[in-house]
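Scroll down for the structure; my scribbles are underneath it.
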Amino acid sequence: MSAAEGPLVVGVDTSTQSTKALVVDVATGRVVASGQAPHTVTSGAGRESDPRQWWDALCEALRQCGEPAHEAAAVSIGGQQHGLVTLDERGEPVRPALLWNDVRSAPQARRLTEELGGAKFWAERTGSVPAASFTVTKWAWLAEHEPEAVRATRAVRLPHDYLTERLTGQGTTDRGDASGTGWWASGTEAYDEEILAHVGLDPALLPRVVRPGEVAGTVRDGHGLPFSKGTLVACGTGDNAAAALGLGIRPGTPVMSLGTSGTVYAVSRRRPADPTGTVAGFADARGDWLPLACTLNCTLAVDRVAALLGLDREAVEPGRGVTLLPFLDGERTPNLPDSSGLLHGLRHDTTGGQLLQAAYDGAVYSLLAALDLVLDEDADPSAPLLLIGGGARGTAWQQTVRRLSGRPVQVPEARELVALGAAAQAAGLLTGEDPAAVARRWNTAAGPVLEAVERDEETLARIAGVLSDAAPLLERAPGAV
């Protein structure tokens, strides 16, 4: 391995199931070293993780990076959004973190929307209508179900904030991740005192919001990591904002991310405010906006269907009559938190491969249905759709997206875009560049373009019809009568 041309930085992605670290050469964007370690998530009604596992996983991932991590001049953390981390007076977790895909707070989301002026109020104030994934609803759930945990809480953090604070000793966050809490006002770019008062959360418990390009702090002594004392720490951001940085996308470029959750988003210069709640009006990590729609069921749900059928995930077969809505964890887009999976159109001659293709179709349909709402009116409808995430390299995913979108699809060759975006953010601290410009200089979005094919209107219409007709069933919790 040749010597690096410029200074080195570390970009971290602490996701739902693992933490990854990349050591990147600022001059070229070359990944010099990498590491990854898992953490566990509970199953059942809730989705929780012990934040201390994230720290242990970070330590292990950096250990795997070896000597290059010791040479890093700056570090930044990208992390899963929305998770509620509650800390006591010693900075230790009061309880496991409630993760983004924990939908137990759906009743609190509905109640908060009603109690504070309705969906229009929330969209105009925070940019988003509360959903069960949002942090504010999780805090309301905790206050209702575990008031002793609320009383013991002396600091409230998001997942990336937790790791950044353990590095620096200071409680900080950024506008991108803060915009997914439900208590950050997008119009004023400050915490919303009315919302905080309504849910009984003291603003003194929240981290300082660091501006784009500002240093969040420096690495402190006694951290047990390979960084030198005084290594610069960027503010970090949420995973979707970090991936947008990692791609270096310009306004209007559509992105679809296929992971445990699925997302569609684009950078916009206009502050979003969708009262239907389909589009979350997130801020990006630079100073623009990141309108985004998210589904809870994507690659994990489709893989589960494949496992139930005893099939490889690529063993799809064409078929026109069967519809499968893979809402195995409830769903956020469309907003059906109490729903479960639904199969319609099963016949004697339906094959397992057709059922599996139907699962892909159902997952992609939900994302494409939101794409037009995410994009500004002046966005180019023929622009390639950037396909990223763990599913992006799967042939079945690629072909399903092409067929149902009717767009050309570009698959960036760069992997670990969240960590690369964090690395670009860290690099910007050293060079003074816009992190998105750093990523463009690294050419991270380069990759093959799959030509557009005719859009499968028949399948889109069939799924839309089943979704509409089955609404009463999907809105009812499993087992309810």
Side-chain angles (χ1 to χ4, degrees), residues 1-13 20-34 65 68-69 71-78 174-176 210-216 231-257 265-269 283-290 380 383-389 392-393 409-449:
M1 186 176 290
S2 60
E5 297 180 23
L8 299 179
V9 294
V10 169
V12 174
D13 172 14
K20 304 156 195 163
L22 303 181
V23 183
V24 181
D25 181 354
V26 172
T28 64
R30 183 169 63 91
V31 176
V32 175
S34 64
C65 290
E71 302 173 15
V75 58
S76 182
I77 310 286
D174 88 301
R175 69 193 293 271
V210 177
R211 299 187 302 275
E214 181 184 351
V215 176
T231 300
L232 297 180
V233 181
C235 57
T237 193
D239 52 4
N240 289 298
L245 280 185
L247 289 166
I249 57 174
R250 300 180 188 275
T253 300
V255 178
M256 179 182 289
S257 177
Y265 58 82
V267 170
S268 176
R269 298 251 159 81
D284 77 351
R286 298 173 53 257
D288 288 327
W289 302 93
L290 197 72
D380 181 359
L385 176 60
L386 290 178
L387 197 63
I388 65 172
R393 285 173 170 75
V409 171
Q410 183 171 0
V411 184
E413 292 177 352
R415 297 177 182 267
E416 309 303 349
L417 286 162
V418 173
L420 275 176
Q425 195 179 50
L429 292 183
L430 303 179
T431 66
E433 294 174 272
D434 174 353
V438 171
R440 289 193 289 271
R441 177 163 60 77
W442 292 348
N443 203 24
T444 53
V449 178

> Tell me, do Leu247 and Ile388 make a side-chain contact under 4.5 Å, heavy atoms counted?
Replying inline: yes
> How far does CG of Asp239 sit from OG of Ser257, to the nearest 0.5 angstrom?
Replying inline: 8.0 Å
> Which atom names give the shortest non-hydrogen contact between Val9 and Ala426, and what distance separates them?
Replying inline: CB-CB, 3.9 Å
> Is Arg175 paired with Asp284 through a side-chain N to carboxylate O contact shorter than 4.0 Å?
Replying inline: yes
>> To the nearest 0.5 Å, what is the distance between NZ on Lys20 and CG on Asp13?
In response: 5.0 Å
>> Distance check, rounded to the nearest 0.5 Å: Asp288 atom CG versus Ser268 atom OG?
In response: 7.5 Å
>> Would you compute the distance between atom CG of Leu22 and atom CG of Leu417 and round it to the nearest 0.5 angstrom?
In response: 9.5 Å
>> Measuring only between side-chain heavy atoms, which start at C-beta, is Leu245 closer than 4.5 Å to Gln425?
In response: yes
>> I need the minimum non-hydrogen distance between Met256 and Leu385, along with the two atoms involved.
In response: N-CD1, 4.0 Å
>> Working to the nearest 0.5 angstrom, can you tell me the gap between Arg286 CZ and Asp174 CG?
In response: 13.0 Å
>> Tell me the closest heavy-atom pair linking Ser76 and Gly236, and the distance in Å.
In response: OG-CA, 3.4 Å
> Looking at Gly11 and Ala422, what are the two nearest heavy atoms and their distance?
Replying inline: CA-CB, 3.9 Å
Which atom pairs, one a donor and one an acceptor, fall under 3.5 Å between side chains of residues 435-448 and the rest of the protein, sequence neighbours left out?
from	atom 1	to	atom 2	distance (Å)
Arg440	NH1	Gly248	O	2.9
Arg441	NE	Glu433	OE2	3.3
Arg441	NH1	Val26	O	3.1
Arg441	NH1	Ala27	O	2.9
Arg441	NH2	Val26	O	3.4
Arg441	NH2	Glu433	OE1	2.9
Trp442	NE1	Val26	O	3.0
Thr444	OG1	Gly246	O	2.4
Thr444	OG1	Ala439	O	3.4

